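Naming convention: chains lettered A, B, ... in sequence-line order (proteins, then strands); numbering from 1 in each chain. If you're wondering where the values come from, they're calculated on a predicted model, not measured in any experiment.
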Amino acid sequence: MTASPNGREAPTLTGMADAVLSEVAARLADFAASGATAVIELTSMPLTVQDRAALDEKLGRGEVSAEVSAAGRSEVWETAFAGVWFVRHYGEGGRISSESIEITRVPLLLESHPDDARAAARRLAELCAQAQTHTGATPGSDGA
Amino acid sequence: MVTPQTLGEILEGRGVSRRAFLKYSSYLSALMALPPSMAPAMAQGLAAARRQSVIWLSFQECTGCTESITRSMSPTLESLIFDTISLDYHHTLQAASGEAAEHAREKAMADNKGKYVVVVDGSVPLKDGGLYSTIAGVSNLKMLQDTCKDALAVISVGTCAAFGGIPKANPNPTGAVGIDEIIKDKPVINIPGCPPIPEAMTGSVAYLVAFGKIPELDHLKRPKAFFGDSIHDRCYRRPYYERGEFAEGFDDDGARKGYCLYKVGCKGPVTYNACATLKWNGGVSFPIQSGHGCLGCSEPDFWDQGGFYRPLSTSMPGMGMALAGAAAVGAALGVGAALTARKHQQAYIREQAAKGDEK
């Protein structure tokens, strides 16, 4: 395989995909045995386009996929190997701003944060209160 | 009077969830090569922090550094950094001018005594009493000293502020120096580059806000997270270098095939910066990817290193032949590994070397 004239493509598979795959396998074995979670950051690794494609192909896609809209778009999916998740964040213009492989039951990004839940409880209570106020102001009860 | 809010509360009011903080922290952790497990703690730290007061001073500079940092602004992830700081004074960006502008600086200093961060771009001239650059009739030297007196930390943004940069280039007519040659009693973080990568600036500020301390620095006071690896170590053209395949000119067959640019003057082997991984213009490209060697702009005195198009082994008078020789011979002589990714890469290089030996 050769590089494109402007050098945009790396010359070949570098072996990085296999190295990452070995690490995933070791971490997954740990997780299965002890429940120890792990995160492997891919963003700063010099993965070539071919490396990335090879990694994607080997890990495959599993049963779960999700899209998160928080400060831009993120995609989360479980690979064909249960407990191995791919988390990919997109930045401006749809470029990948960071991505990682998480070995866990469910990535933290998908969980509701307790602070958000508290804020949501307040908002929902206000909504209920408004609804009650509205009900209390109906013509039937007015002046009773 | 309303109690000052945390960033989490401020953003919550605008419908930004803690997931956004987590996402931003994951992004920063990746950029700064922090252990991924630190991302949740960083998210918690950012959400609980108050907005950081920042006073930005511009001295002998071209405003390219400000251009660079404002280019990191987007309606998505990176813009969160601009919610974490309160930019109380910045010549170019603030609406106020004249006395009102200087009052804004003085008020921020008084209101946040001991807590504000001073960001400086540009070098400071010392020759002839510093008369070569003044603002509102005050020399850069005096304004720097006065403003830094009660600062928490100082961030020198760009090679001019960090090392004197182009104003300091031979023959240095104004006696320009970098900030850390003047400010000795405060922590100084150098974020060099001409200009610096926006994420290196915003990431360092976010780290300071989230953890309340400065990130780990190298011997030139640069955050190791962004300046820990050489351009060469992380360059996608490195495999060509290993195989001895070089472009001999900018229009030869090697250049067209994307070979290593070492022989046409690339300073990647002795330049520490994150261009090869973070890239520029929203991750589009970086100089080597566009077919031009690295100029070494994040290193001291890069302007005076013997020519941008001369190979390292024949230039770099201040570098010493040992380093130039090591660069010429290649990775077999070793350029220390630092990060996890590097381990993968080096394992591969060893594997390839072993295969070569077997042949």
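Contact of the B:Phe211 side chain with the B:Met38 side chain is registered, since non-hydrogen atoms from C-beta on lie closer than 4.5 Å.
Across B:Ala206 and B:Leu46, no two heavy atoms sit closer than the pair O-CD2, 4.0 Å.
Proximity to chain B is limited to the backbone of A:Leu110, based on heavy atoms less than 4.5 angstrom apart. For A:Glu111, the part lying near chain B is the backbone, with the side chain staying farther off; criterion is any non-hydrogen pair under 4.5 Å. Contact annotation for A:Val87: neither backbone nor side-chain heavy atoms come within less than 4.5 Å of a heavy atom of chain B. Using a 4.5 Å cut-off between heavy atoms, B:Glu245 makes no contact with chain A at all. Contacts between A:Ser69 and chain B at a heavy-atom distance below 4.5 Å are absent for every atom of the residue.
Heavy atoms from other residues, nucleotides or ligands lying under 6.0 Å from CD of A:Glu67 number more than 12.
In this model, a donor atom of one side chain and an acceptor atom of the other lie less than 3.5 Å apart for A:Glu75 and A:Tyr90.
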Subject >> Candidate pair B:Ser26 and A:Ser98, rule side chain to side chain donor-acceptor pair (under 3.5 Å), full reasoning >> reply: CA-CA 8 Å; B:Ser26 302; A:Ser98 69; over 6 Å; no
